[in-house]
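In what follows, every heavy atom counts, from backbone to side chain, and hydrogens, waters and symmetry copies are set aside.
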Amino acid sequence: MPSPAPRTDLLDLDTLLSPDEIAVRSSVRAVCEEHVLPHVAGWYRDGEVPRLRELAREFGRLGLLGMHLEGYGCAGMSAVDYGLACLELEAADSGIRSLVSVQGSLAMFALWRFGSEEQKQRWLPTMATGEAIGCFGLTEPDHGSDPASMTTHARRDGTDWVLDGTKTWITNGPVADVAVVWAQTEGEDGRPVVRGFVVPADTPGFSATVIGHKMSLRASVTGELVLQGVRLPADAVLPGVSGLKGPLSCLSEARYGIVWGSMGAARSALATAVDYAVTREQFGRPIAGFQLTQAKLARMHGQLATGTLLALHLGRLKDGPGLAPEQVSVGKLNNVTAAIEVCRSARTVLGANGISDEYPVMRHANNLESVLTYEGTEEMHTLVVGHALTGVPAYR
């Protein structure tokens, strides 16, 4: 007899989690079930998230925003707790996980790690509650995988800084109250060096416009930032870092969340496929009774289980000795690729119904095409892993 509910964890991976970790996961799942899942198909269909700020404040009340950071109103949870939260958020939708990830692991983390005490006190408490929304300005129209070639520039004018440039594909950009913007400056030795700047969205010369007509991450607000003679005081610069290690370390934080989050999309797709297979009848019996369908489901389960184990292993490392960048690259490369394969296979189980937004599978598959590219393309992470294996940097 078919199971009354789809079972997606045959390995009982919950036995590897503590009761507190399971409680964190359950809390995030509950808030998604109440505030996201009833609406997300419509948000995706319409390409907008109404009352996004209300949703951010709801996440803030639960402690999801910057939840792995200490102090300044942040929850100070573990890396595994944060990973489990990302998994549940992305099981709802990748765009919703992106809202939380960009807020906490990019904008807030940059301030928390590299900001002055004044900058931290000014922004982090309100960002933790969702009262203020942040974005992270690194990618440019002509420079994505090669941030060292960015053309956004910051020059000194007396004691002030003046910024000019354009950033694109910026999650949260059009609704952000503050942007962490990375720009080329002149170092003390006269050579160019990348520095980070805290840019309030109401600063004259700063504007953000919505990027529309997306076929992926439609339940996410994406924009272009334009800086035209944006004048900032001397203390707008992030004092704790110079060079690309600043933005790249922030990206490693966000990529870690993707390792977990992609497994949430995969879990949702597998659960949908199992449930559909045991209830959909063809040739007089459920399609779950056909060997080719079971082969697909078994393969999908294996990809989900191994990806989740990898995410948990990386989380335990992050909570212990720490993660190397190439380890995060292994996780993102493996898990996003696996999640895409799970979603595509799940779509075939559902047949033509797989493209209907009555089911989440096609939405997850489309979203993951963006996740595969942002915060390091598949190609770049492949080369990072290859470099770590061989010692030979093929991308230089």
Side-chain angles (χ1 to χ4, degrees), residues 8-9 11 13-14 16-17 21 24-25 28 67-68 77-91 94 97-98 100-102 104-106 109 136 145 171 217 245 247-270 299-343 364-365 367-390 394-395:
T8 59
D9 177 18
L11 301 183
L13 298 185
D14 279 7
L16 302 176
L17 303 176
E21 289 166 345
V24 167
R25 185 186 64 187
V28 180
M67 65 180 289
H68 58 307
M77 306 294 281
S78 72
V80 171
D81 289 330
Y82 175 56
L84 290 166
C86 287
L87 189 151
E88 293 301 325
L89 289 164
E90 196 145 353
S94 301
R97 197 268 307 150
S98 292
V100 173
S101 179
V102 169
S105 289
L106 290 180
F109 179 79
F136 187 85
S145 296
T171 298
L217 287 184
K245 64 182 179 181
L248 294 183
S249 63
C250 298
L251 288 174
S252 285
E253 285 292 306
R255 290 162 179 164
Y256 167 77
I258 291 172
V259 176
W260 283 91
S262 55
M263 291 297 98
R267 189 194 69 194
S268 174
L270 174 59
R299 183 168 57 251
M300 292 158 64
H301 175 270
Q303 291 170 307
L304 172 61
T306 55
T308 304
L309 281 168
L310 174 57
L312 180 58
H313 173 63
L314 294 180
R316 299 295 186 212
L317 287 178
K318 187 169 173 57
D319 281 326
L323 280 178
E326 61 268 22
Q327 292 173 320
V328 180
S329 288
V330 169
K332 183 178 187 289
L333 179 63
N334 182 85
N335 282 15
V336 178
T337 302
I340 288 174
E341 292 176 357
V342 168
C343 289
H364 285 311
N367 284 338
L368 286 167
E369 293 295 337
S370 291
V371 178
L372 184 68
T373 296
Y374 71 22
E375 295 172 27
T377 65
E378 178 184 16
E379 291 83 359
M380 292 306 298
H381 286 293
T382 298
L383 295 179
V384 169
V385 175
H387 184 189
L389 289 170
T390 66
Y395 39 73

Closest approach of [X] to [Y] (non-hydrogen atoms, all atoms of both residues):
{"X": "Ala305", "Y": "Leu13", "value": "O-CD1, 4.1 Å"}
{"X": "Gly315", "Y": "Val80", "value": "C-CG2, 3.6 Å"}
{"X": "Cys86", "Y": "Trp260", "value": "CB-CB, 4.3 Å"}
{"X": "Gly331", "Y": "Leu310", "value": "CA-CD2, 3.9 Å"}
{"X": "Ser78", "Y": "His68", "value": "O-CB, 4.4 Å"}
{"X": "Ala269", "Y": "Met300", "value": "O-CE, 4.5 Å"}

Just verifying a value: how many Å separate [X] [atom1] and [Y] [atom2], rounded to the nearest 0.5 Å?
{"X": "Leu11", "Y": "Leu16", "atom1": "CG", "atom2": "CG", "answer": "9.0 Å"}
{"X": "Thr171", "Y": "Leu217", "atom1": "OG1", "atom2": "CG", "answer": "7.0 Å"}
{"X": "Leu304", "Y": "Arg299", "atom1": "CG", "atom2": "CZ", "answer": "14.0 Å"}
{"X": "His387", "Y": "Met380", "atom1": "NE2", "atom2": "CE", "answer": "11.5 Å"}
{"X": "Glu369", "Y": "Ile340", "atom1": "CD", "atom2": "CD1", "answer": "4.5 Å"}

Study note, to complete from the structure: Exactly one of Val336, Leu333, Val328 clears side-chain contact (heavy atoms from CB on, under 4.5 Å) with Arg255, and that residue is Val328
Are [X] and [Y] packed together at the side-chain level, in the sense that at least one heavy-atom pair is separated by less than 4.5 angstrom?
{"X": "Leu84", "Y": "Leu17", "value": "yes"}
{"X": "Val330", "Y": "Leu314", "value": "no"}
{"X": "Arg25", "Y": "Leu87", "value": "no"}
{"X": "Leu368", "Y": "Glu90", "value": "yes"}
{"X": "Ile258", "Y": "Arg97", "value": "yes"}

With distance as the sole test, does [X] use its side chain to make a donor-acceptor pair with the main-chain N or O of [Y] at under 3.5 Å?
{"X": "Thr337", "Y": "Asn334", "value": "no"}
{"X": "Thr382", "Y": "Glu378", "value": "yes"}
{"X": "Asn335", "Y": "Met263", "value": "no"}
{"X": "Lys332", "Y": "Ser252", "value": "no"}
{"X": "Tyr256", "Y": "Ala79", "value": "yes"}
{"X": "Ser268", "Y": "Gly264", "value": "no"}

Practice item. Let me see the working for Leu317 and His313 under side chain to side chain contact (heavy atoms under 4.5 Å, CB included), right down to the final yes or no. Key: CA-CA 6 Å; Leu317 287 178; His313 173 63; 3.5 Å; yes
**Study point:** Pair Arg267 + Glu88, salt bridge at N-O below 4.0 Å
**Key:** yes
Review point. Any chance the side chains of Tyr82 and Ser105 put a donor and an acceptor closer than 3.5 Å?
Key: yes
**Study point:** Steps toward side chain to side chain contact (heavy atoms under 4.5 Å, CB included) verdict (Val385, Glu326)
**Key:** CA-CA 6 Å; Val385 175; Glu326 61 268 22; 5.5 Å; no
